[in-house]
Asks: 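Okay, here's the structure, questions in a sec.
All values derive from a computational prediction rather than experimental measurement. Here is how names work: the chains are called A, B, and so on, in the same order as the sequence lines, proteins then strands, and each is numbered from 1. Every heavy atom of this structure was used, including side-chain atoms; hydrogens, water molecules and symmetry mates were not.
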Amino acid sequence: MTYTELSEQEKIRRESLQKLIDLGINPYPAAKYEISAGSTEIINNFDESKNNYQDISFAGRIMTRRIMGKASFVELQDTYGKIQVYINRDVVCPDEDKELYNTVFKKLLDIGDIIGVKGEVFKTQMGEISIRANEFTILSKSIRPLPVVKEKDGNTYDAFSDPEQRYRMRYLDLMVNPHVKNAFINRTKLTNSMREYLNAKGYLEVETPILQPIYGGAAARPFKTHHNTLDQTLYLRIANELYLKKLIVGGFDGVYEFAKDFRNEGMDRFHNPEFTQMELYVAYKDYFWMMETVEEMVEKIAMDIHGTTKVKVGQHTIDFHRPWKRFTMFEAIEHYTGIDISNMEEEELKVTAKKLGIDVDESMGKGKLIDEIFGEKCEGQLIQPTFITDYPVEMSPLAKKHRKIDGLVERFEAICNGKEICNAYSELNDPIDQRQRFEEQLLLAKRGDEEAMMLDEDFLKAIDYGMPPTSGLGIGIDRLAMIMTNSDSIQDVLFFPQMRPEKKIQVDSKEKYLEKGIPTEWIELIQKLGYKTLKSLSEANPGKLFNDLCGLNKKAKLGLQNPTADDVKKWCE
RNA sequence: CGGUUCGUAGCUCAGUCGGUAGAGCACGUGACUCUUAAUCAUGGGGUCGAGGGUUCGAUCCCCUCCGAACCGACCA
């Protein structure tokens, strides 16, 4: 066991645990516990006139206790919610022996313990639907105190609110903050709804490699790892696009994957190093078709989660009702800046960007400039779902050239609440053009662009064989979940967001030093010298420690009897 | 990576213009047969994130480090 000092409450709980065992009660029984009803089911369906739920079995975690003499109330929380349980001494202990109530229930049980109860449902004098327990069973003893959150009239008191602790100990967050659970349930409803939609269309859900020898399909820096047997560098995927397109080449007409992708980049409230994207590829379609698909799919998701297309997000109400607004990128820029840049060349764009207050540097080409202007002046203003179409070719090496306009590609993004939620193309299936685009990326890479795409010969070979015209989509599940759950941080839609590891400084107790035979007066000095654990002491140089201790004694005029060198040597063993 | 703010009891927070700390809940003990932020009485619990500096003395002032939140940079 490596725990250092236990708090008073933890010690008391461990003592309670031992007392239970001494009384012959197993605090962690192996047998299953039959449950006949859930909390919300009981509360919604109990009817005094029907006299239903008169023989039920229920289990949950003790969240609060109100004990008054021979009668007590506890609130038990199950997966659905909370329900009050009434425990009466003479009901639980009908015989002379009242130990089960007086000792086991009142003394040895705590908030946080999980118990099962059997009994009947009734209404208290105050009118609250409750379970009258005829018997209770300890199912799991908790030896760490829970944050106690209290509530009255919709006000929450002492909420467990420190974000660091909430994310590091999400289980606690889920236990004591009910709305948290709800956000995650809605996240799963979202993916279920999306999967249903895609399956109903007959598309095939597939899985493709996460460990990739060449990372591609997006512009991002990867995580790097190594395979021992192959003695080869592998990357965690930044996207699965190229693999899915190979499956389209292979003859599947529609494939999709809910993919965990990994990008070795900054973290903030919109970015986690690992995140989920749903990518979809459908043969014989183009980006116009895909826009309609996205509208229809997201509208359905909103309906499935909220029962309406209108979703409250922060200050705004976002309406996913079809059809969504559509802007070409040039139109959007003109709309928000009043400037028509559609016929501008690089120099003129640069001047315009500067005029709009955008930082410009020499490495920026035409595409980058347009993208910057859009990102700075338009994106944040687009609250209602809006499709932005027709991007500069430089930014989109995997998208097909626009059927009408030179220098653009057939690409769209959906922007919602000021953020991109998806990205889609008419996929580039011209193998000669694709090779050229990759080669242009290589040039960018040579100029130092760390995010330029790598040339993937394997992928090029595949489309040499011929890929049908295809439309592809990547939709950010975390971003969409944020919108659908009204969360302003990605950490609120990820169970376990990435956190820096906590470094805890370990200090061994005085008792442990005493056990080693080290006299009390020296322990503090040894710890002061930096040997805070017996382990660090065992790694110390005994001679140096001896000198340091005697020196400290002399310098600080402590007047202690110096230990012998042999004594110190023994302490360090 | 830069700026701002924060880290004090199991939880939520106060506080000390520098003299080793308080509250509520939780916990212990006692009272109480329908309570619901139960109540009443009483008691215990803290290396004030870590390390160093200034000082007779630091939780407080200064520096470094660790962790977090927000804003920015980067990143679609």
Asks: Taking the P atom of each, how far is G51(B) from A9(B), in whole Å?
Replies: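 The answer is 16 Å between these two P atoms.
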Asks: For Phe46(A) and Tyr53(A), take the angle between the two ring planes, folded into 0 to 90°, and tell me which bin it lands in: parallel under 30, tilted 30 to 60, perpendicular over 60.
Replies: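 Ring orientation of Phe46(A) relative to Tyr53(A): tilted.
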Asks: Select base, sugar-phosphate, or nothing to describe what Arg263(A) touches, counting heavy atoms under 4.0 Å on all strands.
Replies: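 Result for Arg263(A) = nothing.
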Asks: Mind checking the C1' distance from U59(B) to U20(B)? Whole angstroms is fine.
Replies: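 After rounding to an integer number of Å, I get 8 Å for this pair.
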Asks: Considering only atom C1', compute the distance from G49(B) to C17(B) and round it to an integer number of Å.
Replies: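 The answer is 25 Å between these two C1' atoms.
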Asks: Mind checking Tyr101(A) for me? I need base, sugar-phosphate or nothing, with any heavy atom below 4.0 Å counting as a touch.
Replies: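 It contacts nothing in the nucleic acid.
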Asks: Within the structure shown, what part of the strands sits under 4.0 Å from Tyr86(A) by heavy-atom distance: base, sugar-phosphate, or nothing?
Replies: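 Result for Tyr86(A) = base.
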Asks: Report the nucleotide, chosen from C11(B), U36(B), A69(B), that has the shortest atom-to-atom distance to any side-chain atom of Gln165(A).
Replies: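 Nucleotide nearest to Gln165(A)'s side chain: C11(B).
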Asks: Look up atom NZ in Lys19(A) and atom CG in Leu108(A), then write down how far apart they are to the nearest 0.5 Å.
Replies: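 The NZ atom of Lys19(A) sits 6.5 Å away from the CG atom of Leu108(A).
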Asks: Can you find a donor-acceptor pair, distance only, under 3.5 Å between Glu128(A) side chain and U35(B) base?
Replies: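 For Glu128(A), whose side chain was compared with the base of U35(B), there is no donor-acceptor pair (under 3.5 Å).
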Asks: Could you tell me whether Arg166(A) and Asp492(A) have a side-chain N and a carboxylate O separated by less than 4.0 Å?
Replies: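 Salt bridge flag = yes for Asp492(A) with Arg166(A).
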Asks: Please report the distance, rounded to the nearest Å, between CD in Gln498(A) and C1' in A68(B).
Replies: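 Going from CD in Gln498(A) over to C1' in A68(B) covers 15 Å.
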Asks: With rounding to the closest Å, how many angstrom separate the C1' atoms on G46(B) and C27(B)?
Replies: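 It works out to 15 Å between them.
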Asks: Which nucleotide, C27(B), G67(B), C74(B), lies nearest any side-chain atom of Ile111(A)?
Replies: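 Looking only at side-chain atoms, Ile111(A) lies closest to C27(B).
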Asks: Can you identify which nucleotide, out of C71(B), A73(B), A69(B), has its nearest atom closest to the Arg269(A) side chain?
Replies: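 Selected nucleotide (nearest to the side chain): C71(B).
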Asks: From the list C11(B), C70(B), C25(B), which nucleotide is the closest neighbour of the side chain of Val148(A)?
Replies: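 Between C11(B), C70(B), C25(B), the one nearest the side chain of Val148(A) would be C25(B).
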Asks: For Glu10(A), report the nucleic acid contact type (base, sugar-phosphate, nothing); a contact means any heavy atom under 4.0 Å.
Replies: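 Glu10(A): no heavy atom of the nucleic acid under 4.0 Å.
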Asks: Using atom P in both nucleotides, what's the gap between G72(B) and U16(B) to the nearest angstrom?
Replies: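 That atom pair is separated by 33 Å.
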Asks: Classify Lys107(A) by what it touches in the nucleic acid, base, sugar-phosphate, or nothing, heavy-atom distance under 4.0 Å.
Replies: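 Counting heavy atoms under 4.0 Å across all strands, the contact made by Lys107(A) is with sugar-phosphate only.
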Asks: Reckon Ser7(A) touches a base, only the sugar-phosphate, or nothing at all at heavy-atom distances under 4.0 Å?
Replies: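 Result for Ser7(A) = sugar-phosphate.
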Asks: When you check the side-chain N and O atoms of Asp390(A) and Thr328(A), is any donor under 3.5 Å from an acceptor?
Replies: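 Per modelled atom types, Asp390(A) and Thr328(A) side chains form no pair under 3.5 Å.
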Asks: Between A21(B) and C13(B), how many Å separate the two C1' atoms, rounded to a whole number?
Replies: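 It works out to 14 Å between them.
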Asks: By nearest atom, which of the nucleotides C70(B), G10(B), C34(B) is closest to the Arg132(A) side chain?
Replies: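 Comparing C70(B), G10(B), C34(B) against the side chain of Arg132(A), the answer is C34(B).
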Asks: Which part of the nucleic acid does Ser72(A) contact within heavy-atom distance under 4.0 Å: base, sugar-phosphate only, or nothing?
Replies: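 It contacts nothing in the nucleic acid.
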Asks: When we call it a touch if two heavy atoms are under 4.0 Å apart, what does Ala218(A) touch: a base, just sugar-phosphate, or nothing?
Replies: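 Counting heavy atoms under 4.0 Å across all strands, no contact is made by Ala218(A).
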Asks: Taking atom C1' in both C60(B) and A14(B), what distance in whole Å separates the two?
Replies: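 14 Å, rounded to whole Å.
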Asks: Remember a base hit wins even if backbone is also touched, and classify Asp162(A) as base, sugar-phosphate or nothing at under 4.0 Å, heavy atoms.
Replies: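 Touches sugar-phosphate only.
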Asks: Need one value for Glu15(A): base, sugar-phosphate or nothing, where a base atom within 4.0 Å counts as base even if backbone is also close, heavy atoms only.
Replies: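 Result for Glu15(A) = nothing.
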Asks: Could you write nucleotides 37-45 of chain B as a row of B, S and -, 5' to 3', where a protein heavy atom under 4.0 Å of any base atom gives B, of only sugar-phosphate atoms gives S, and otherwise -?
Replies: BB-----BS
Asks: Considering only atom C1', compute the distance from C61(B) to G2(B) and round it to an integer number of Å.
Replies: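 Each nucleotide's C1' atom is 25 Å from the other's.
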Asks: Only one of Phe327(A), Trp324(A), Tyr287(A) clears ring-ring contact (aromatic ring centres under 6.0 Å, His included) with Phe387(A); which?
Replies: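 So the option named by the test is Trp324(A).
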